[in-house]
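The model shown is predicted, which means the values in this text are computed figures rather than measured ones.
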Amino acid sequence: MTPPDASDSRWSDLDRPPLNATALRRALLRPDALWTSLDVVTATGSTNSDLAAKADGLAEGAVLVAEEQTAGRGRLDRRWSAPARSGLFFSVLLKPGASVPVERWGWLPLLTGVAVAGGLARAAGVETALKWPNDLLVTVDGAERKAGGILAERAGADGVVVGIGLNVTLRADELPVPGAGSLALAGAVSTDRDTLLRAVLRSIEEWYASWRTASGDPAACGLHEAYAAACATLGRTVRAELPGDRSVEGEAVAVDGDGRLVLATGEGVQRPVGAGDIVHLRPAAS
């Protein structure tokens, strides 16, 4: 029998108990639900990579959760790591199919951000803002901090894998960079990861169903309005760092119908940005 204090034991940190995969499946896998399978692994390199490798052989709605990621990835292949069981690290497989034009699939990471924010508001009591295009922000001691991120990637012939990384119980001395945060540091009323994961997956399911019913039209299903309301980037002066070592500065004035961030760069010029890193240069106007 493995001693309870062994370093590789799932119970080595009693403040960070393991996820209950059986209870999660019971709560989320139903005949009429989006979610069709849910697996929890002790550790892996990247849940996105693992799920993408199997995408063609899996039904839509597969969920892969890791208690620890050793090579988690963000945008531009940036690494994402955190102590075991200190957060939620998971990926979901979506297959919008012919009912949603491919040009609207770019809304999936924005949809996921709206869904995650809504799920966390209900289950954790934490207001989560969205930094375009894929960061999840919380407030810690009056300062805006990044608590998570979203990465969507094409997978297989007709799928998209959406990965979510979220710091839940990360303590101040465990933060990887000064601008990081966690739900615990933001004063969450609950850091039970089972509860949080159920709430987030149910919220994704609700938004995804509405989006597909509307053939991916973000305005018709309310997604466009909801994203704009939750987006902390709008109303700020920002710098967009673009591919090819280029950058552009301006006021973020809108998210357009294609999910691009629209910058007002002066003299009445508005420029849509479809990809790039965004740096907030000043707080949003009150």
Side-chain angles (χ1 to χ4, degrees), residues 73-78 80 100-118 120-121 127-140 142-154 160 162-166 177-181 207 211 214 216-286:
R73 293 177 291 112
R75 292 185 64 252
L76 306 179
D77 254 356
R78 293 192 179 102
W80 175 284
V100 178
V102 173
E103 57 267 25
R104 288 177 171 168
W105 292 16
W107 272 94
L108 282 171
L110 308 185
L111 179 155
T112 303
V114 170
V116 171
L120 294 179
E127 182 177 348
T128 307
L130 307 175
K131 179 184 175 186
W132 188 92
N134 69 332
D135 287 349
L136 304 165
L137 306 178
V138 296
T139 301
V140 178
E144 193 175 71
R145 302 287 187 88
K146 178 179 176 179
I150 296 162
L151 179 65
E153 301 176 293
R154 288 294 297 267
V160 178
V162 183
I164 297 99
L166 179 67
V177 294
W207 273 107
W211 180 73
D217 185 329
C221 66
L223 176 59
H224 196 168
E225 181 180 5
Y227 186 85
C231 183
T233 302
L234 294 180
R236 293 178 122 140
T237 299
V238 304
R239 181 174 66 250
E241 298 176 346
L242 308 174
D245 294 325
R246 297 174 297 121
S247 67
V248 58
E249 291 188 11
E251 181 182 356
V253 295
V255 173
D256 71 12
D258 294 321
R260 300 177 299 179
L261 185 67
V262 180
L263 302 183
T265 59
E267 299 181 358
V269 176
Q270 293 194 347
R271 177 171 178 176
V273 175
D277 278 353
I278 298 297
V279 179
H280 290 173
L281 299 179
R282 68 165 174 79
S286 59

Heavy-atom closest pair (L137 atom, E144 atom, distance to 0.1 Å) is CD1-CD, 3.5 Å
For V253 and L234 the tightest heavy-atom approach is C-CD2, 4.0 Å
Minimal heavy-atom distance between L110 and P133, with the atoms involved, is CD2-O, 3.3 Å
**Message:** I'd like to know if the side chain of H224 reaches the main chain of V255, judged simply by a donor and an acceptor atom lying under 3.5 Å from each other, with no hydrogens or angles considered.
**Reply:** yes
When rounded to the nearest 0.5 Å, the distance separating CD1 of I150 from CG of L166 is 9.5 Å
| query | Do D258 and E103 pass the side-chain contact (heavy atoms from CB on, under 4.5 Å) test, and can you show the C-alpha distance, the side-chain angles, and the key distance before you say yes or no? | reply | CA-CA 8 Å; D258 294 321; E103 57 267 25; 6.0 Å; no
Flag if over 12 foreign heavy atoms under 6.0 Å of CD, E225: no
Check your understanding: Should V273 and L242 be marked as a side-chain contact (heavy atoms from CB on, under 4.5 Å) after you check the CA-CA gap, both sets of side-chain angles, and the distance that decides it?
Key -> CA-CA 8 Å; V273 175; L242 308 174; 3.7 Å; yes
In terms of heavy-atom contacts, D256 and W107 come closest through O-CZ2, 3.4 Å
Could you walk me through whether R154 and V160 satisfy the side-chain contact (heavy atoms from CB on, under 4.5 Å) test, starting with their C-alpha distance in whole Å, then the side-chain angles of each, then the deciding distance to 0.1 Å, before giving a yes or no?
CA-CA 4 Å; R154 288 294 297 267; V160 178; 4.0 Å; yes
Tightest non-hydrogen contact, residues A214 and C221, listed as CB-CB, 3.9 Å
* Look only at the side chain of W132 and the backbone of G259, and say whether a donor-acceptor pair between them is shorter than 3.5 Å. => yes
Close side-chain approach of E127 and T139, heavy atoms under 4.5 Å: no
Rounded to the nearest 0.5 angstrom, the OG1-CD distance for T265 and E251 is 11.0 Å
* Quick one: does R145's side chain have a donor or acceptor within less than 3.5 Å of a partner on G179's backbone? -> no
What one should report as the nearest heavy-atom pair of L130 and L136 is CD2-CD2, 3.6 Å
The reported gap from CG in L120 to OG1 in T128 (rounded to nearest 0.5 angstrom) is 4.5 Å
Problem - Verdict with reasoning, K131 to H280, per side-chain contact (heavy atoms from CB on, under 4.5 Å) - result: CA-CA 9 Å; K131 179 184 175 186; H280 290 173; 3.5 Å; yes
When rounded to the nearest 0.5 Å, the distance separating CH2 of W211 from CG of L111 is 7.0 Å
- Check: V100 main-chain N/O paired with W105 side-chain donor or acceptor under 3.5 Å: yes
Output for pair (T112 OG1, Y227 OH), nearest 0.5 Å, gives 11.0 Å
